[in-house]
Amino acid sequence: MSEFNRRDFLKTSAAGAAALSLTAAAYNRVLGANDRIGVGFVGVGGRCQEHLGIINKFKKENKGAEPVAVCDVWDGFEGDFDEGNGKKSHYSQGLKPSAKKVGIDPNDEKHVLKDYRKLLGLKEVDVVCIATPDHWHAKISIDAAKAGKDVYCEKPMTRTIEEAHAVVKVMQKENRVMTVGVQSMADPTWKMANELIRKGDIGHVAQAQTSYYRNYIGGQWRYYRLVKEMNPKNVDWDMFLGHAFDVDGVALGPKMPFDRAVFGQWRCYWPFGGGMFTDLFVHQTTHMIAAMGVRYPARVVGGGGIYLEYDERDVPDVATIVADYNEGCQLIVTATMINDYPIDECIRGRLATLRFVNKETGKGADGKPIREFGYEILSQGMKSGPGLPKRLENIEGKFTPGGLKGNDTEALWTHFLECVRNKNRETLCTPELGAAAFTTVNMGVQSYRNGKALFWDNMRQKVQDADATWAAKLEERSKKHGKPSQINGWEGADTGSVVVPPDYQKLGGPWTNGKDPADA
């Protein structure tokens with residue numbers, strides 16, 4: 001275990017805020033101010049439809065980007081469906097419908113592809129947008145970087161921790177620009193919160209909490225529609241599974257019979273994703289660790305279970321991660337898919353609480369409320385004894401809006417494309433940040449599935465089984481009054497204790513040879 005140093009908050013935060021500068025000479029191609037960035041899309045399912053729309057919008061508005069190629073293992077389907085109560089919906093996903101949406105001829109076999117490797121070979125593709133199932137993220141990201149492409153990869157960054165760090169290494173080696181598609185990172189609120197914490201405005205950060213709650217009667221992720229046109233004639237099933245491909249010798253997926261539910265609702269199955277842990281928790285974990293100024297956890301425990309959604313899924317419908325950090329703080333991420341009432345999203349400091357809220361700040365010209373996302377600072381008392389929980393007192397603090405206007409995914413794309421043009425690896429959600437967040441949530445998966453608490457060895461970048469040392473060292477430190485340099489195995493400067501003991505505390509302590517310590 002590494003040392004427990006509370007001052008690491010400032011070190012980690014400063015490191016995370018430092019910009020990475022790269023020279024244009026490090027790139028094979030330098031994009032001029034007037035060059036249009038060609039975007040190729042791999043995996044044009046549900047989430048990718050928004051990306052297609054955004055880049056198509058940029059093309060029409062002459063903002064320096066355009067769709068040039070699409071790739072998917074499924075030919076796709078377009079049609080109308082009756083949702084009941086007279087409501088109809090239009091379904092349009094997969095390869096050929098997506099090509100049509102962005103003005104590419106569906107019969108153009110050079111730019112409408114089922115094999116991503118052919119897309120990476122196109123010189124007109126500068127950026128690859130990866131929105132495949134999770135088990136393909138790492139392989140395509142790595143191959144894209146080696147092919148000289150910059151990468152926008154949907155979250156989670158990868159399916160395994162080993163893959164995440166393989167991606168980071170390749171992106172650094174190839175000097176490619178990458179952003180992980182955690183759209184909330186486009187909101188300045190998280191950076192603003194981190195600046196407050198680094199200044200010490202809320203005191204020592206002890207705990208943060210966040211959540212992601214939903215409630216759908218059909219079962220989480222079962223709202224992804226299955227159609228008869230999803231069949232082995234129209235789907236390259238072996239390519240979807242990825243059993244013939246690997247990252248560092250580990251196959252991407254298993255070989256198994258075709259199953260529409262697995263193909264269309266793959267988030268419900270462990271071989272292809274991580275359920276709530278990696279699909280939803282990674283959103284909240286990414287922006288919370290960015291705000292707190294931490295990165296890799298020291299200890300993680302994951303809990304939960306399948307308590308209601310018995311529909312042949314693998315992944316739980318109730319889940320919680322508790323992550324402890326060497327900086328002296330804890331992050332709780334919790335959710336259920338069978339109730340949508342959330343908990344506060346907040347960071348608790350010794351001096352104040354920083355609470356993230358979506359607040360009404362006025363009325364528009366049409367009389368409708370204007371709501372903005374930002375944070376409040378809530379004062380913190382230091383009294384003992386029970387009282388009414390503060391969240392039930394309906395207290396409010398001074399509200400500071402984050403400042404994001406418009407669509408967050410579009411804002412993330414705008415910043416990413418600017419980074420591509422300027423050869424700047426410091427995107428709003430770098431692969432380094434993405435790997436730290438994913439490591440946290442994937443440790444939650446492993447803990448839940450294996451029934452063990454886990455440690456993260458940051459030096460070796462490996463997960464290992466936890467033992468009693470975490471609690472034992474903290475207990476020993478308490479006996480030494482917070483001075484880690486006096487304790488075997490701890491390093492770093494003495495941080496002391498923030499406790500101001502009452503005078504009567506001097507009456508405590510062991511009696512040696514029958515002598516009262518108060519008489520000393």
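Keep in mind that what you see is a predicted model, and the values were worked out from it rather than measured.
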Contacts of Trp266 meeting ring pair (Phe, Tyr, Trp, His ring centres under 6.0 Å) (sequence neighbours excluded), chain-then-number -> none
Sorted by chain and number, sequence neighbours left out, ring pair (Phe, Tyr, Trp, His ring centres under 6.0 Å) with Tyr152 holds for His51, Trp413, Phe416
Across all chains, not counting sequence neighbours, the side-chain contact (heavy atoms from CB on, under 4.5 Å) partners of Asn107 are Lys96, Asp105
Pair Ile130-Trp136, side chain to side chain contact (heavy atoms under 4.5 Å, CB included): steps then yes or no:
CA-CA 9 Å; Ile130 302 168; Trp136 269 103; 6.0 Å; no
Handout entry: Lys405 with Glu372: basic N within carboxylate O range, under 4.0 Å
Key = yes
Those residues at least two apart in sequence (or on a different chain) that pass side-chain contact (heavy atoms from CB on, under 4.5 Å) with Val315 are Trp221, Trp270, Arg313
### Query
With a distance cut-off below 6.0 Å to the six-membered ring centre and an angular limit of 45° from the axis, does Arg267 pair with Phe272 as a cation-pi contact?
no
Surrounding NZ of Lys452 (heavy atoms of other residues, nucleotides or ligands, distance under 6.0 Å), is the total greater than 12? no
Would you confirm whether Arg260, through its side chain, and Val227, through its main-chain N or O, come within 3.5 Å as a donor-acceptor pair? yes
side-chain contact (heavy atoms from CB on, under 4.5 Å) filter on Ser211, not counting sequence neighbours, yields Tyr213, Thr334, Pro342, Ile343
Smallest heavy-atom separation, Ala99 atom then Val70 atom, equals CB-CG2, 3.7 Å
The ring pair (Phe, Tyr, Trp, His ring centres under 6.0 Å) partners of Phe258 (sequence neighbours excluded) come to Trp237
NZ/NE/NH1/NH2 to OD/OE distance under 4.0 Å, Asp246 and Lys139:
no
Measure the shortest side-chain to side-chain distance between Val300 and Val322 over non-hydrogen atoms and say whether it is less than 4.5 angstrom.
no
Rounded to the nearest 0.5 angstrom, the CD1-OG1 distance for Ile370 and Thr361 is 5.5 Å
What I'd like to find out is whether the side chain of Tyr375 reaches to under 4.5 Å of the side chain of Met192, using heavy atoms alone. yes
Determine whether Lys255 and Asp238 make a side-chain contact, defined as any pair of heavy atoms from C-beta on separated by less than 4.5 Å.
yes
Requested in this report: Would you confirm whether the ring centroid of Tyr223 sits within less than 6.0 angstrom of the ring centroid of Tyr216?
Outcome: yes
Across all chains, not counting sequence neighbours, the side chain to side chain donor-acceptor pair (under 3.5 Å) partners of Asp340 are none
Original post:
Does Thr278 reach the main-chain N or O of Gly273 with its side chain, forming a donor-acceptor pair under 3.5 Å?
Top reply: no
The side chain to side chain donor-acceptor pair (under 3.5 Å) partners of Thr210 (sequence neighbours excluded) come to Gln284, Glu345
- Query: Taking C-beta and beyond as the side chain, do Leu454 and Ser447 meet within less than 4.5 Å on heavy atoms?
  - Reply: yes
With heavy-atom distances below 4.5 Å as the criterion, would you say the side chains of Ser141 and Met171 are in contact?
yes
When rounded to the nearest 0.5 Å, the distance separating CZ of Arg222 from CG of Asp311 is 4.0 Å
Fill in: Residues Lys462, Glu162: salt bridge by 4.0 Å N-O rule
no
* Asked: Taking atom CD of Glu109 as the centre, does the number of heavy atoms from other residues, nucleotides or ligands within less than 6.0 Å exceed 12?
  -> no
*Would you mind reporting whether Phe356 and Ile347 have side-chain heavy atoms less than 4.5 Å apart?*
yes
So ring pair (Phe, Tyr, Trp, His ring centres under 6.0 Å) across residues 161-184, not counting sequence neighbours, yields His165-Tyr296, His165-Trp456
Inspect the contact between Asp457 and Arg460 and indicate whether a charged nitrogen and a carboxylate oxygen are less than 4.0 angstrom apart. yes
Contacts of Phe77 meeting ring pair (Phe, Tyr, Trp, His ring centres under 6.0 Å) (sequence neighbours excluded), chain-then-number -> none
For Lys155, the side chain to side chain donor-acceptor pair (under 3.5 Å) test, sequence neighbours excluded, returns Asp279
**Prompt:** Val333 and Thr320: side chain to side chain contact (heavy atoms under 4.5 Å, CB included), yes or no, with the steps?
**Reply:** CA-CA 6 Å; Val333 192; Thr320 298; over 6 Å; no
Side-chain contact, heavy-atom cut-off 4.5 Å: Gln93 with Arg225?
no
Next on the checklist: Using the ring centroid of each side chain, check whether Phe240 and Trp74 are separated by less than 6.0 Å.
Outcome noted: no
Result for side chain to side chain contact (heavy atoms under 4.5 Å, CB included) between Thr286 and one of Val182, Thr440, Val441 points to Val182
For residues Lys149 and Val125, determine if any side-chain heavy atom of one lies less than 4.5 Å from a side-chain heavy atom of the other.
-> yes
d(Ile306 CD1, Leu308 CG) to nearest 0.5 Å is 11.0 Å
The side chain to side chain donor-acceptor pair (under 3.5 Å) partners of Lys110 (sequence neighbours excluded) come to none
> Does NZ in Lys191 sit with more than 12 non-hydrogen atoms of other residues, nucleotides or ligands closer than 6.0 Å?
Replying inline: no
* **Residues, nucleotides or ligands: over 12 heavy atoms within 6.0 Å of Lys100 NZ** => no
NZ of Lys57 to CG of Leu52, rounded to nearest 0.5 Å, is 14.5 Å
- Is it the case that His137 and Glu163 place a side-chain donor and acceptor less than 3.5 Å from each other? no
Carboxylate-amine/guanidinium proximity below 4.0 Å for Arg176 and Asp150 = yes
